[in-house]
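Take a look at the structure below.
Heavy atoms only: backbone and side chains are in, while hydrogens, waters and symmetry mates are out. By convention in this document, chain letters (A, B, ...) are assigned in the order of the sequence lines, proteins followed by strands, and residues within each chain are numbered from 1. These figures come from a predicted structure and were not determined experimentally.
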Protein chains: 2
Amino acid sequence: MPERLAGTPREQILDAAARLFSSKGYAATSTREIAEAVGIRQASLYYHFAGKGEILSELLCQTVRPTVDSVAQIESLTDDPGVALYLVASTDVRTLATAPYNIGLLHLAPDVAQVEGCDGFTAARDELAVTYARLAEPITSPDVLGSVGPARLGEKLVHTVEEVIGCRNAGRRIGVDEAVWIASSCLRLCGVDSARVELVVKTAATLLDRADAGAGPAGRQ
Amino acid sequence: MPERLAGTPREQILDAAARLFSSKGYAATSTREIAEAVGIRQASLYYHFAGKGEILSELLCQTVRPTVDSVAQIESLTDDPGVALYLVASTDVRTLATAPYNIGLLHLAPDVAQVEGCDGFTAARDELAVTYARLAEPITSPDVLGSVGPARLGEKLVHTVEEVIGCRNAGRRIGVDEAVWIASSCLRLCGVDSARVELVVKTAATLLDRADAGAGPAGRQ
DNA sequence: GTCTATATCAGGATAGAC
DNA sequence: GTCTATCCTGATATAGAC
């Protein structure tokens, strides 16, 4: 245990804010509480952040950045859009499931949606929806595409992955089986049948194993 | 247009609160704003409600009551659990989609989850999850049941229907096609294939037509 | 049933010492 | 970089007149 119980003051603030925001809500959390949790005075927060909104903004970005960044790498692994979709969804699930606190909850809340200066987050999230749409379209059955169209389907798949948020909010942690099920829900919703879903899941698993092996032991982290 | 632009003061307050809560968030909405929207003074709210929390509680209950109440009637229409599941989901979708404001958003927000005295709502919502689970289990494919189990599947179907909330939150209204798709998503997630989904949707539609005809013109509302 | 008036308290943010 | 001190605003809820 060579590390301190926390990192830089900035990281400590973000961690405390994440815990409080996700448990009490953004508007209902005071900057005093955040400061107290870190062990500094309320006014000292303003040295590290311009205000409450900037703390929130940074936290929101952390929920999407890893997934957005992973897309290029995933697409270099496979040409099968179904497998790619599943892998992106899996990354998304993992990011949301393993974050120290359930901050994914926040962006749905109206008080959060009203905060200005979160453009980076909304842009990244929109980009993610477009990616989901692009990958989903070629594997989606005609009746589904006819009902919702590609763009809305993308949004809906993003929402589907955010099922993780609901699970965590219910107090449960997400196991491997559940993570697989949520990611594969994206395929099911496109109209892919159970047999093919299982095939994609297996293909994706072997692909990841190969990639991990190629990246060396560090890939396991 | 024989009605006044609003009903009783109590209803006016609930309507204004619903609009403000769903757009700004619960904690971020002041009782002053609610009163102002109704055209009375802030203190006058306390004649109609014990406090801010009681207004919220009533609004939350309105989002689940119609669906919970419809279950018995739906189960008297059919013995096919798949059709019943689809009909319950459709009722749920309709309730969430046609409410004057998107109050379904609220229960997800942490500031709302913290409010005491919403037991009626949480109990009704839990009951709904159990119903979804009971109807879904017999039609769910083994691989899906093996991954998540019936109870969690019930929760997940509730969340699936709540996709409506996300749609409305994105500023879109829910069309018929989209409503059908969301309700049938419950079947797809259980592992039901596209052909059978379409069959269930058609069966449900004819069942409803018959029920409406039996109930007389009032059934159309 | 609605009002005025007010008690009580907590919020975010800034100024300036150290 | 953190502190103290404070400003200013706005919150919920109550008391009591009409």
Give me the distances for all protein-to-nucleotides 3-5 of chain D N/O pairs that come in under 3.5 Å?
{"residue": "D/dC3", "atom": "OP2", "partner": "A/Arg41", "partner atom": "N", "Å": "2.6"}
{"residue": "D/dC3", "atom": "OP2", "partner": "A/Ser44", "partner atom": "OG", "Å": "2.8"}
{"residue": "D/dT4", "atom": "OP1", "partner": "A/Arg41", "partner atom": "NH2", "Å": "3.4"}
{"residue": "D/dT4", "atom": "OP2", "partner": "A/Arg41", "partner atom": "NE", "Å": "2.7"}

Base, sugar-phosphate or nothing for B/Thr29? Non-hydrogen atoms, less than 4.0 Å. sugar-phosphate
Looking at A/Tyr47, I'd like to know whether one of its side-chain N or O atoms comes within less than 4.0 Å of OP1 or OP2 on D/dT2. no
Could you state the atom-to-atom distance from CG of B/Asp111 to P of C/dG11 in whole Å? 15 Å
Nearest-Å distance, OH (B/Tyr46) to C1' (D/dA13)? 5 Å
Separation of D/dT2 atom C1' from A/Ile34 atom CD1, nearest Å, is 17 Å
Separation of C/dG12 P from A/Glu54 CD (nearest whole Å): 15 Å
Please report, rounded to the nearest Å, how far the C1' atom of C/dG11 is from the CZ atom of A/Phe21. 13 Å
What is the distance, rounded to the nearest whole Å, between atom CD of A/Glu36 and atom C1' of D/dT2? 16 Å
Could you check how far CZ of A/Phe49 sits from C1' of D/dG1, rounded to whole Å? 14 Å
Expected output: side-chain A/Gln73 to main-chain A/Ser70 donor-acceptor under 3.5 Å: no
Answer yes or no: are there more than 12 heavy-atom neighbours, outside A/Arg172 itself, under 6.0 Å from its atom CZ? yes
Between A/Glu155 and A/Arg125, does at least one N-O distance fall below 4.0 Å, as a salt bridge requires? no
Ranking A/Lys52 and B/Arg32 by the position along DNA chain C of their nearest nucleotide, the one closer to 5' is B/Arg32
How many whole angstroms separate atom NZ of B/Lys24 from atom P of D/dG10? 11 Å
Electrostatic pair A/Glu178:A/Arg173 at N-O distance under 4.0 angstrom: no
Check B/Arg168 with B/Glu163, please: is the shortest side-chain N to carboxylate O separation under 4.0 Å? no
Would you check, one step at a time, whether the test side chain to side chain donor-acceptor pair (under 3.5 Å) holds for B/Tyr26 with A/Asp111? CA-CA 8 Å; B/Tyr26 172 73; A/Asp111 52 342; over 6 Å; no
Does the A/Thr131 side chain pair with the main chain of A/Glu127, one donor and one acceptor, at a distance under 3.5 Å? yes
Selection from D/dA11, D/dA13, C/dT14 that lies nearest to any side-chain heavy atom of B/Ser30: D/dA11
